[in-house]
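Notes for the one structure printed next.
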There are 2 protein chains.
Amino acid sequence: MITIKDIAEMAQVSKGTVSRVINGTPGVGDETRKRILKIIKELDFEPNASAQGLAAKRTNNIGLIIPHTGKYSLANNYWPIILTEITQQAALRDYNVLISTARSEDDVNSAYKSILKGRRVDGLIIGGYQFGEKQVAELMLKEFPYVFIGRNSYISSYYVDVNGVAGTRSMTEHLVHLGHKEIAVLAGPENFINIQERLQGFKDAMNQAGLRPHHIYHCKYHMEEIVKGTKRILQQKPRPTALFAVAEDLAVGVLKAVNEMGLRIPEDLAVTFFDDLPFFECFHPTITAIRQPVEEIGSTVSNLLFTLLEGKTPVHRNVILPTEIIVRESCGSTLPQGSKAKS
Amino acid sequence: MITIKDIAEMAQVSKGTVSRVINGTPGVGDETRKRILKIIKELDFEPNASAQGLAAKRTNNIGLIIPHTGKYSLANNYWPIILTEITQQAALRDYNVLISTARSEDDVNSAYKSILKGRRVDGLIIGGYQFGEKQVAELMLKEFPYVFIGRNSYISSYYVDVNGVAGTRSMTEHLVHLGHKEIAVLAGPENFINIQERLQGFKDAMNQAGLRPHHIYHCKYHMEEIVKGTKRILQQKPRPTALFAVAEDLAVGVLKAVNEMGLRIPEDLAVTFFDDLPFFECFHPTITAIRQPVEEIGSTVSNLLFTLLEGKTPVHRNVILPTEIIVRESCGSTLPQGSKAKS
DNA sequence: TTGAAAGCGCTAACAT
DNA sequence: ATGTTAGCGCTTTCAA
């Protein structure tokens, strides 16, 4: 295996000079730099990352911790896009991405230990809300660079989030505007902060419209439970005229249940979701939904972290991105199909 | 920051002994080992990965290279599940996963250089077929552990793949059995080996049935192109009675086009896909598809790599996994809905 | 069973 | 502008 020592010998210079060239440190003659660069290129030399890491206390890796929600937390329309965005932003800056999907609550700590205490990364992007308080406190204390995706309640941290309250509020207003009074909401687990937030927007809008937001149901992200839950909601008398499911992981189960009950959308029931999925566009009827700017979340969170890694102070500690209502056919909207409304 | 030197001093032993305990190396007194372990636990010590990597020439990281196909190669039902599986298998063995989504053909090399030549990983899982020949040759030459997901044509490597030929063959037979004679196939880019393979199965089955497999069309994984392509196929006279799309990335576009043309499935047209997607189950009608054992691909490829990393020789160099036909409603099957047929 | 010591390949401070 | 050198925190050989 080839090292900077070899390069140094071939270029008739010291290791230090080679190191300077590799790191772009000023203070090397133009002529010398060119000579060394040429040799590096010829030999296709790449410095040993462990050695660099040890000496410079810098790994050029960032870590990404993805929360455990359902069976495949990654297998939806959210994390894959964010991950893609992050790896691309990282690649642009010569960083690599170490990924860790926490498999359970307990696992968060093991992921954290190995990645962080083992100094495998220079900074951390933490997805989701259920990351341990103790760990966050430790990150803060050690001034380790980290950014959250999703608001984080306990400690004032850097984070990027979406305005879930406004999103559900305007969707609810949309439904009310269409004449719905009995609107049922199916939501994910009660203890998720983002779910609570989304529900708040629903309640606000309902109260403001003088309607009672009493049809709220929770269920885990588990297919059978979702199907059962949906059916139970729709078997009530009188049946709600609209169903608003506020998490993308509910989509397939909800639509399956509606199908199985033989209800027609939107004639018998208006249906809409928080999170827009690709297949909503090919569904019959096409599905109205709230779209999050997923790519933007990914790039924003990357930019925040890399600003931190450069030792700079980001202009904003927190970035709240807006959602967008994509009006399609599933609510029987009278608006022209495909029209959008910012919120 | 705390190091093994600190631990050694506290335990009144040498660094070497602490190192032995950390690595589970035999030759340490039972009493001593316990004492050291206790201190490590109390201080929540985790050895510095860079130092370990440098000294032991082992990083405890594996790399995953995901190919560039569409806009978000990751955002489908395949890679996220495989990635989840790999990270879990890795975590079980105290390995971390470094991910690299090659953004383009050229990018493969930069990902490769940084990850591999920088010695950031001990082994590599390479997804897709378009990885550079030169790089593979180098991996082989240096006896660097690597495993492919998907057959790899040029060099005899370890790989895990799915029997695409058999999958499309039996789906085609299924369609023929249902009475279809004019079956159109929409496929991904012509130069992908997996696509070629799938087409082979189609041709085989058609020939065997005495039918002509002339309705084969290719298109890139780009929404508009897919919609246009599908419409063009379905505007031919006489219109094919069945449409078989052989890549999951085509699904939304194909269904959208069919919808827009006002064709009824399965009355006017039978539709089916290579790759089963979650939403096929809630679509109206539910969609018949070929299912790949995605989880199993992920776990098998992990096991292969970790066997290699342990210095052992895997029993099989290659694993070919079977696909499964999930019969639902979209082909107007007379078979009971939800029945399965192995292939 | 344990300790001592020599490196692993690099960076960075200090000399020149 | 360049060389010299002392580590970075660990593993591993060799001695004891």
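Each chain gets a letter, A, B and so on, in the order its sequence line appears, and its residues count up from 1.
Rounded to a whole Å, the CZ atom of A:Arg120 is 14 Å from the C1' atom of D:dG9.
Nearer to the 5' terminus of DNA chain C, by closest-nucleotide assignment, is the contact made by B:Pro26 (compared with the other of B:Pro26 and A:Met1).
At distances below 3.5 Å, at least one donor-acceptor pair connects side-chain atoms of B:Asp122 with backbone N or O atoms of B:Thr59.
Residue contacts for B:Val18: at a heavy-atom cut-off of 4.0 Å it reaches no nucleic acid atom on any strand shown. B:Gln12 comes within 4.0 angstrom of sugar-phosphate atoms only, judged by non-hydrogen atoms across all strands, and of no base. As judged by a 4.0 angstrom heavy-atom cut-off over every strand, A:Gly27 is placed among the base-contacting residues.
One finds a salt bridge joining B:Asp44 and A:Lys113 here, because a Lys/Arg side-chain nitrogen approaches an Asp/Glu carboxylate oxygen to under 4.0 Å. Using a 4.0 Å cut-off between charged nitrogen and carboxylate oxygen, B:Lys134 and B:Glu138 do not count as a salt-bridge pair.
Looking at A:Asn61 and A:Arg120, their side chains never bring a donor and an acceptor atom within 3.5 Å of each other. If you check the side chains of A:Ser114 and B:Asn96, you find a donor sitting under 3.5 Å from an acceptor.
For DNA chain C, the outermost nucleotides in 5' to 3' order that have an atom under 4.0 Å from a heavy atom of chain A are C:dG9 to C:dA13.
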Which pairs, protein N/O on one side and nucleotides 12-14 of chain D N/O on the other, fall under 3.5 Å?
from   : atom 1 : to      : atom 2 : distance (Å)
D:dT13 : O4     : B:Arg20 : NH2    : 3.3

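When the nucleotides D:dC8, D:dT4, D:dC10 are ranked by their closest atom to the side chain of A:Ser14, D:dT4 comes out on top.
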Derivation of the side chain to side chain contact (heavy atoms under 4.5 Å, CB included) call for A:Val147 and A:Ile126: CA-CA 6 Å; A:Val147 182; A:Ile126 304 167; over 6 Å; no

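Rounded to 10 degrees, the angle separating the terminal helix axes of the helix from C:dT1-D:dA16 to C:dT16-D:dA1, each built from five base pairs, is 30°.
Taking a 6.0 Å sphere around CD of A:Glu42, one finds it holds more than 12 heavy atoms contributed by other residues, nucleotides or ligands.
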